[in-house]
Amino acid sequence: MTSPMITMEIHPHTDVDPAIVANVGMQGSDKKDYVVGPPDKLSEVKSSLGSSVEASEETLGMQVEASARAVTFPDGGRQAWLCVVGAFCSQFCSFGWLNTCGVFQEYYLQHQLNGYSATTVSWISSMQTLILFTGCLIVGRLFDSYGPRYLLLAGTLLEVGGIMLTSICKTYGPILVCQGIVASMGAACVFNASVGSVSSWFKKKRARALGIMSSGSSLGGIVFPILIRRLTVQTTFGWTMRACGFLVLGLLIITNLTVTSNVTPRGKWIPLYPRDLWVHFKDTNYVLLATAFALGFVGFMLPFTYIVSNAIFHGMDENLANYLVSFLNAASIFGRIIPGIMADKVGQYNMNTVGIFLAGVVTLALWIPAQDTGSQIAFAVLYGFFSGTFVALIPACTAQISNIQDIGTRVGLMFFCLSLTSLAGVPIGGAIIGNATSEKRWNGMMAFAGSFLMVGGIFHWVARVKLVGPSLKAVC
């Protein structure tokens with residue numbers, strides 16, 4: 001029988017919580033018990049674990065001391081904010097690269113892959129989303145076991161290598177593998193390692209720190225489309241991709257030098273069995289939150305993917321239409337930082353419920369009737385802001401109901417759930433559009449996206465009510 005592992009969890013209103021949380025992991029069908037007690041009454045904690053658990057007081061004391069150091073949140077300081085800077089760069093290169101899917105969708109349909117349907121080409125962006133989020137499941141466990149260092153190194157090699165290999169691809173299959181799979185595997189490594197590391201440094205200011213970190217993806221979503229659009233006109237597709245690869249390499253070097261974790265990793269790989277994942281779904285709060293995010297993500301990526309093609313269909317100048325993704329991502333910077341700061345005061349659940357629901361509202365109320373240039377730009381700005389709130393607060397809301405030493409696994413599992421619905425959402429949207437020549441079909445895709453976003457917002461409210469009740473005054 002293994003010794004119980006005792007960890008200290010920080011109370012949200014104090015620097016160091018006077019509670020010891022004992023997580024007793026047992027093999028087979030045995031349950032995991034949680035025992036809380038004052039640190040000066042170690043013997044009481046030990047006796048409450050049951051006679052079947054054999055552990056010395058010395059071993060328990062050493063584990064308490066080590067875990068207390070691991071989860072003391074400084075909520076600031078040079079090392080903590082350097083971690084945010086490095087994580088900002090990683091988000092620029094991971095989610096920021098993913099945010100360019102609309103530009104690549106349009107470019108491929110007009111050039112290398114002009115003989116393929118929009119649905120087929122959309123599998124490239126869907127695969128990027130799937131690998132980025134699904135990879136977080138394994139990456140999250142690796143982070144809990146070994147920390148961020150090796151993940152960041154491997155992620156840098158994979159993402160830069162995948163982008164460079166895409167530069168020499170001419171056909172659908174190699175592009176799907178190199179851009180959709182290899183580069184996305186690297187993005188998953190740097191993305192999840194950064195989220196877990198930043199979360200380990202902050203408690204009271206976690207939403208603010210994660211919002212600043214997440215805004216890097218929005219800046220990437222501005223820079224990459226402009227860079228790609230300009231360079232594909234002035235040079236070849238190959239050199240355009242190589243320029244992007246070198247930019248990613250430079251930023252990920254900064255990430256590797258600055259991102260560190262405040263939590264001491266376990267130091268060994270713990271096998272990931274289905275029962276280890278299933279235990280998280282016994283937590284009703286976690287299930288409701290995952291359901292809300294999964295439903296919202298069915299529609300989340302559709303505006304990013306089709307906003308350019310839809311604007312061109314409605315007569316917008318092609319050069320201006322290509323800037324819509326940049327407008328969307330520019331607004332998303334503010335949508336990630338400002339609500340993140342507010343969420344630390346009014347509650348992360350409260351802020352994210354509003355963000356998801358309003359993203360659905362503007363999709364239904366503005367994108368569907370948008371016919372002229374002004375309306376298309378207005379939608380891009382408003383959707384960018386509210387969708388930015390949605391995606392930026394996913395890690396913060398997940399961390400709020402999680403033990404910090406399981407943050408990698410819990411966040412990774414959450415993004416795995418999102419990947420499944422996101423994978424379905426974009427191809428379904430492409431199937432609804434069909435050959436992209438019918439106004440009715442375009443409106444159907446927009447209604448599909450907006451409806452799922454609003455349903456996601458409703459479920460997020462249900463999750464919030466389950467956690468703190470229906471009172472609108474509750475900070476959650």
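Keep in mind that what you see is a predicted model, and the values were worked out from it rather than measured.
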Salt bridge (charged side-chain N to carboxylate O under 4.0 Å, His left out) involving Arg410 - partner list, sequence neighbours excluded:
Asp283

So, for Cys83 and Val259, which heavy atoms are closest and what is the spacing to 0.1 Å?
O-CG2, 3.8 Å

Would you find more than 12 non-hydrogen atoms of other residues, nucleotides or ligands less than 6.0 Å from Met164 atom CE?
yes

How about Tyr108 and Phe104: are their ring centres within less than 6.0 Å of each other?
yes

Phe224 meets the ring pair (Phe, Tyr, Trp, His ring centres under 6.0 Å) criterion, sequence neighbours left out, with Phe92, Trp97

Under the ring pair (Phe, Tyr, Trp, His ring centres under 6.0 Å) test, residues paired with Phe416 that sit two or more places apart
none

Using the ring-ring contact (aromatic ring centres under 6.0 Å, His included) rule, collect all pairs that involve residues 172-199, keeping only residues at least two apart or in two chains.
Phe95-Phe191, Tyr116-Tyr172, Phe191-Phe415

Residues 348-380 vs ring-ring contact (aromatic ring centres under 6.0 Å, His included), sequence neighbours excluded, gives Tyr349-His460, Trp367-Phe379, Phe379-Tyr383

Would you please indicate if the ring centroids of Trp239 and Phe246 are separated by under 6.0 Å?
no

For Ser194 and Leu152, the nearest pair of non-hydrogen atoms, with its separation, is OG-CD2, 4.4 Å

Any donor-acceptor N or O pair under 3.5 Å, side chains Thr120, Ser117
yes

Are a donor atom and an acceptor atom from the side chains of Thr389 and Asn352 found within less than 3.5 Å of each other?
no

Under a 3.5 Å cutoff, is there a donor and acceptor pairing between the side chains of Glu439 and Gln371?
yes

Looking at Thr255 and Gly86, would you say the former's side chain and the latter's main chain have a donor-acceptor pair under 3.5 Å?
yes

Single hit among Phe293, Phe386, Phe390, Phe448 for ring-ring contact (aromatic ring centres under 6.0 Å, His included) with Phe300
Phe390

Give me the atom names and distance for the closest heavy-atom approach of Gly388 to Ser332.
CA-OG, 3.4 Å

Could you name each residue pair satisfying ring-ring contact (aromatic ring centres under 6.0 Å, His included) that touches residues 310-348, not counting sequence neighbours?
Phe313-Trp442

